[in-house]
Amino acid sequence: MYKILTNKELAPKIRLFEVYAPEVAEKTLPGQFIILIIGETGERIPLTIAGYDHKKGTIKFVFNEVGKTTKQLGLMKEGEYIETITGPLGNPSEIKNFGKVLCVGGGVMIAPMFLQVQALQKTGNKVTTVVGARIKDLLFFEDEMKVYSDKVYVATDDGSKGYKGLDFLKDLLFKEKFDRCVVMGPVVMMKAVSEMTKPFGIPTVVTLTPIMVDGMGMCGVCRVMVAGKMKFGCVDGPEFDGHAVDFDGLIKRQRLFLPEERLSSLLWEKLGGCSCGGK
Amino acid sequence: MAENKPKPKPKIQKESVPIPKQKPEERRRNFNEVALGYTEEQALAEANRCLQCPKPQCIQGCPVEIEIPAFIKLIREGKFEEAVKKVKEKNSLPAICGRVCPQEEQCQKFCIVGKVGDPVSIGRLERFLADWERSIDVKALRDAPATGKKVAIIGAGPAGLTAAADLARLGHKVVIFEALHLPGGVLVYGIPEFRLPKSIVRAEVDYIVKLGVELKLGYLIGRTFTIPELLKYKGFDAVFIGTGAGLPQFMGVPGENLGGIYSANEFLIRVNLMKSYAFPAYDTPIRIGKHVVVIGGGNVAMDSARSALRLGAEQVCIVYRRSRDELPARKEEIENAEEEGIICKFLAAPTRFIGDEKGWVKAMECICMELGPPDESGRRRPVPVKGSEFVMDTDTVIVAIGRTPNPIIQSTTAGLEVTKWGTIVTDENGKTSLEGVYAGGDIVTGEATVISAMGAGKKAAKAIHEYLMKK
């Protein structure tokens with residue numbers, strides 16, 4: 001049982017949790033994830049770790065309340081317990097002095113990107129950070145990023161804050177030379193950024209979040225083609241070379257259970273599982 | 001030999017007492033157990049078929065060396081409690097073994113009665129005893145004082161549970177680290193409810209906990225802790241690795257990533273461990289179409305096919321690249337599957353999968369095979385017949401062609417010797433290249449049976465005990 005210490009709304013439907021999980025926290029490094037189960041009938045969901053404190057024995061993660069499990073999780077109160085948290089899973093990120101690094105974080109993945117930015121800055125890199133979201137209300141951590149970055153750019157899909165879309169990156173890549181690019185966010189965004197960095201030959205690392213069940217190398221649902229070879233997101237990843245990933249294949253596989261996910265969430269709401277009482 | 005000489009007294013009853021089963025037309029749509037088990041009268045009748053050979057052959061066929069004639073004799077005498085004890089001296093998981101061991105390849109293969117008729121149904125008798133015992137209050141067999149030594153067992157599957165039970169009975173403090181959220185390993189994520197009810201696994205695990213074993217769930221060793229950390233900082237004197245078979249294998253043919261194509265592991269984990277058959281009451285979904293194809297011919301393929309049928313598939317077809325004679329699955333399971341209406345297509349293998357506009361599989365192209373000369377495994381090698389491709393409609397494919405070892409422990413344990421296939425190298429007693437580290441089961445042998453994993457757990461427990469007492 002893992003106690004929830006913090007449940008904080010960062011933006012509409014985006015929540016940050018801090019949970020007491022000392023044995024997980026002890027080993028966590030940037031880039032790793034957990035599998036979480038809220039209760040007996042629950043599913044196993046993977047969440048990228050967005051922070052850890054070895055001394056306090058805590059980990060942080062940020063999620064979007066989109067499906068039944070994340071909506072249920074969002075309703076849990078500080079002091080309540082999550083049944084199982086397994087981790088840290090997946091391979092840690094490669095963190096060393098690369099020189100100048102471009103970090104692009106989008107949506108909820110801005111949160112784990114903050115962990116990367118801190119780690120990269122502390123190992124001597126010059127970090128340029130981009131935070132992106134659909135609309136300005138969904139942005140967060142902009143100020144926190146500024147503390148660890150040389151420069152922070154903001155972008156939104158609708159242009160409600162900062163640049164409209166990510167096309168400005170093309171100009172940035174022409175103007176400045178980067179030694180590495182790290183991208184965490186929606187697959188379409190990771191695909192777009194990887195396509196932009198490719199002509200410049202900038203090594204680009206993307207964090208994949210495919211569907212997982214066990215998350216530790218058993219089921220193979222997280223399979224993804226990388227440079228024509230089948231890889232498993234959970235044990236071979238979650239980070240891969242953005243120039244070699246078959247993003248289109250990944251997008252299709254991420255949508256495999258959308259109808260069931262929608263049904264599950266809808267039924268839960270209609271049966272009054274959420275606070276709105278079926279309204 | 002003495003037991004072959006006709007004796008005046010025992011008349012050999014050539015036919016075994018059949019085990020009651022759910023009727024095929026009923027069971028094909030439910031997840032309840034297929035075989036219902038012997039009644040007391042049936043068990044007594046079957047036990048009476050045993051010749052009580054002075055030199056019993058059956059024991060040599062048992063990987064954990066249960067004293068078979070002795071427990072059967074106790075059944076005859078109606079001493080069920082003592083009979084269970086006799087079994088449990090060697091096997092802490094009898095309700096499981098009685099159900100899933102391939103007895104026809106083991107103890108029963110050597111049974112003398114089997115030379116003139118059906119062998120004695122040793123497995124069914126073992127199951128009878130274990131089921132009988134669950135109806136009374138189970139006492140844990142602890143027979144040694146505490147040694148003060150501490151052993152970490154990695155994986156709560158058949159190998160780990162067996163090693164844990166034996167080591168606890170020898171007086172050691174045992175902690176099992178299980179990566180999943182429920183104990184049992186393949187017994188809960190792999191073998192379906194209708195062949196091995198989860199309540200039975202739960203009861204056997206409870207028994208092991210009664211022996212004093214501590215169970216830690218949701219710990220992935222290699223990540224949460226590594227083996228060197230367990231030995232150096234967490235106070236363990238020895239480690240047993242029983243992590244089982246891991247990553248699913250795929251065929252490497254085009255279209256394998258289409259929707260509706262599951263590895264058998266994914267399919268069975270969703271259905272068994274996550275209870276997808278009860279979606280949306282349980283949160284993990286599964287989608288089963290009308291025409292299910294299962295690729296492969298082992299027990300995992302049979303389990304997948306029979307599960308798919310129970311989930312509502314109209315037609316389930318097993319596609320196997322060799323012929324019926326080479327099917328690696330247990331004969332009993334093949335018969336059960338066919339009785340339930342599962343079709344087998346032999347001598348064929350997929351060459352590609354064809355998807356619809358939404359990215360889901362809609363058909364599978366296969367090529368016919370013929371059998372060539374035997375390969376390294378001794379089975380005749382399937383050879384594709386040129387130009388024999390054909391297409392079959394399918395909307396769900398389950399790939400059950402085997403698994404490769406999970407790489408996490410091997411990659412996080414410096415100095416642990418592994419084979420080129422990724423399995424862990426051990427001596428005949430399960431000792432690895434690292435001091436105090438032992439391994440057994442599928443992680444050492446590659447995919448095998450529950451009972452062979454238990455046998456390995458047992459051997460390793462003995463070796464660990466000797467190591468600890470010398471240390």
Side-chain angles (χ1 to χ4, degrees), chain A residues 2 23-24 26-28 32 34-35 37-45 67-69 72 83-91 211 213-225 229-230 232 234-236 246 248-253 255-257 259-261 263-268, chain B residues 178-182 186 189-190 216-220 222-226 229 234 243-250 252 256-270 273-276 278-287 355 358-360 399 403-408 411:
Chain A
Y2 298 84
E23 290 163 331
V24 179
E26 190 184 325
K27 292 300 290 292
T28 299
Q32 293 186 293
I34 54 164
I35 288 272
I37 312 167
I38 53 173
E40 201 205 323
T41 59
E43 58 187 332
R44 298 171 64 94
I45 61 162
K68 180 183 169 189
T69 304
Q72 279 178 298
E83 191 171 279
T84 303
I85 288 179
T86 297
L89 303 176
N91 298 301
I211 295 177
V213 182
D214 59 278
M216 47 186 78
M218 289 172 68
C219 78
V221 67
C222 64
R223 61 192 188 267
V224 56
M225 301 307 282
K229 286 202 176 111
M230 190 185 283
F232 297 107
C234 64
V235 289
D236 296 321
D246 168 20
D248 295 337
L250 177 64
I251 290 169
K252 279 188 193 139
R253 287 195 62 79
R255 292 179 181 158
L256 289 181
F257 290 99
E260 285 82 2
E261 284 159 16
L263 172 74
S264 181
S265 179
L266 194 72
L267 273 176
W268 177 72
Chain B
E178 166 56 46
L180 290 171
H181 59 287
L182 290 174
V186 72
Y189 79 74
K216 285 183 156 297
L217 303 174
Y219 284 75
L220 182 62
R223 293 281 180 223
T224 317
F225 308 129
T226 62
E229 283 166 352
K234 303 285 172 189
T243 47
L247 291 168
Q249 283 183 302
F250 288 89
E256 228 167 354
N257 293 336
L258 287 166
I261 303 182
Y262 303 95
S263 74
N265 250 15
E266 179 191 349
F267 177 76
L268 292 172
I269 287 174
R270 282 181 186 273
L273 182 73
M274 307 310 294
K275 299 194 168 59
S276 300
F279 177 85
Y282 280 75
D283 293 340
T284 307
I286 186 114
R287 206 184 294 174
K358 285 181 183 159
W360 280 73
V399 183
R403 291 169 281 187
T404 56
N406 188 298
I408 294 173
S411 66

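Naming: A, B, ... by sequence-line order, numbering from 1 per chain. Quick caveat: nothing in here was measured; it's all calculated off a predicted structure.
When all heavy atoms are compared, the tightest approach of A:M216 to B:A179 is SD-CB, 3.3 Å. Residues A:M230 and B:F250 approach most closely at SD-CD1, 3.4 Å, considering heavy atoms. Taking each heavy atom of A:G42 and B:T284 in turn, the nearest pair found is O-OG1, 4.3 Å. Taking all atoms of both residues into account, the shortest heavy-atom contact from B:P248 to A:F232 is O-CZ, 3.8 Å. The nearest pair of heavy atoms linking A:L256 to B:W360 is O-CZ2, 3.3 Å.
Most heavy-atom pairs under 4.5 Å with chain B: of the set A:K229, A:E23, A:M225, this distinction falls to A:E23. Interface summary for chain A: among B:G359, B:G246, B:A278, the most heavy-atom pairs under 4.5 angstrom belong to B:G246. Most heavy-atom pairs under 4.5 Å with chain A: of the set B:P280, B:P285, B:P407, this distinction falls to B:P285. The candidate from A:G220, A:G90, A:G215 with the greatest count of non-hydrogen atom pairs under 4.5 Å with chain B is A:G90. For the set A:S264, A:G249, A:P259, A:P88, the count of heavy-atom pairs under 4.5 angstrom toward chain B peaks at A:P88.
Going from atom CZ of A:R44 over to atom CG of B:L180 covers 5.0 Å, rounded to the nearest 0.5 Å. Put simply, OG1 on B:T224 and CG on A:L89 are 7.0 Å apart, with the number rounded to the nearest 0.5 Å. Annotation: the span from B:L273 atom CG to A:C219 atom SG amounts to 10.5 Å, rounded to 0.5 Å. Of the inter-residue distances, the one linking A:C234 atom SG with B:L220 atom CG reads 9.5 Å to the nearest 0.5 angstrom. The structure places NZ of A:K68 at 3.5 Å from CG of B:D283, a figure rounded to the nearest 0.5 Å. Rounding to the nearest 0.5 Å gives a distance of 11.0 Å between OG1 of A:T28 and CZ of B:R223.
A donor-acceptor pair under 3.5 Å links the side-chain atoms of A:T86 to the main chain of B:G218, judged by distance alone.
Contacts of A:N91 with chain B are made by both backbone and side-chain atoms, with heavy-atom separations under 4.5 Å. Looking at B:N257, both its backbone and its side chain come within 4.5 Å of chain A, counting heavy atoms on both sides. Neither the backbone nor the side chain of A:L250 comes within less than 4.5 Å of any heavy atom of chain B. Contacts of B:F225 with chain A are made by both backbone and side-chain atoms, with heavy-atom separations under 4.5 Å. Both the backbone and the side chain of B:L247 come within contact range of chain A, with heavy atoms under 4.5 Å apart. Contact annotation for A:I85: only backbone heavy atoms (N, CA, C, O) come within less than 4.5 Å of a heavy atom of chain B. Residue A:R255: no heavy atom, backbone or side chain, is found under 4.5 Å from chain B. Neither the backbone nor the side chain of B:S411 comes within contact range of chain A; no heavy atom of the residue lies under 4.5 Å from a heavy atom of that chain. In this structure, no portion of B:L182 lies under 4.5 Å from any heavy atom of chain A. Proximity to chain A is limited to the backbone of B:A281, based on heavy atoms less than 4.5 angstrom apart. Within the 4.5 angstrom heavy-atom criterion, atoms from both the backbone and the side chain of A:V221 approach chain B.
A:D214 is not listed as a side-chain neighbour of B:Y189, based on a closest heavy-atom distance of 4.5 Å or more. Side chains of B:M274 and A:T41 form no contact here, defined as non-hydrogen atoms less than 4.5 Å apart.
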I'd like to know whether B:E266 forms a side chain to side chain contact (heavy atoms under 4.5 Å, CB included) with A:M218, so could you lay out the CA-CA distance, the side-chain angles of the two residues, the decisive distance to 0.1 Å, and finally the verdict. CA-CA 7 Å; B:E266 179 191 349; A:M218 289 172 68; over 6 Å; no

Checking B:L258 against A:R253 for the side chain to side chain contact (heavy atoms under 4.5 Å, CB included) test, could you report, in this order, the C-alpha distance in whole Å, the side-chain angles of both residues, the deciding distance, and whether it holds? CA-CA 7 Å; B:L258 287 166; A:R253 287 195 62 79; over 6 Å; no

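With 3.5 Å as the limit, one finds no donor-acceptor pair spanning the side chains of A:E43 and B:Y282.
Comment: B:E229 engages A:K27 in a salt bridge, judged by a side-chain N to carboxylate O separation of less than 4.0 angstrom.
A:E83 is linked by a salt bridge (charged side-chain N to carboxylate O under 4.0 Å, His left out) to nothing, counting only residues two or more places apart in sequence or in another chain.
A:F257 carries B:R270 over the face of its six-membered ring, with the cationic atom under 6.0 Å from the centre and within 45° of the normal.
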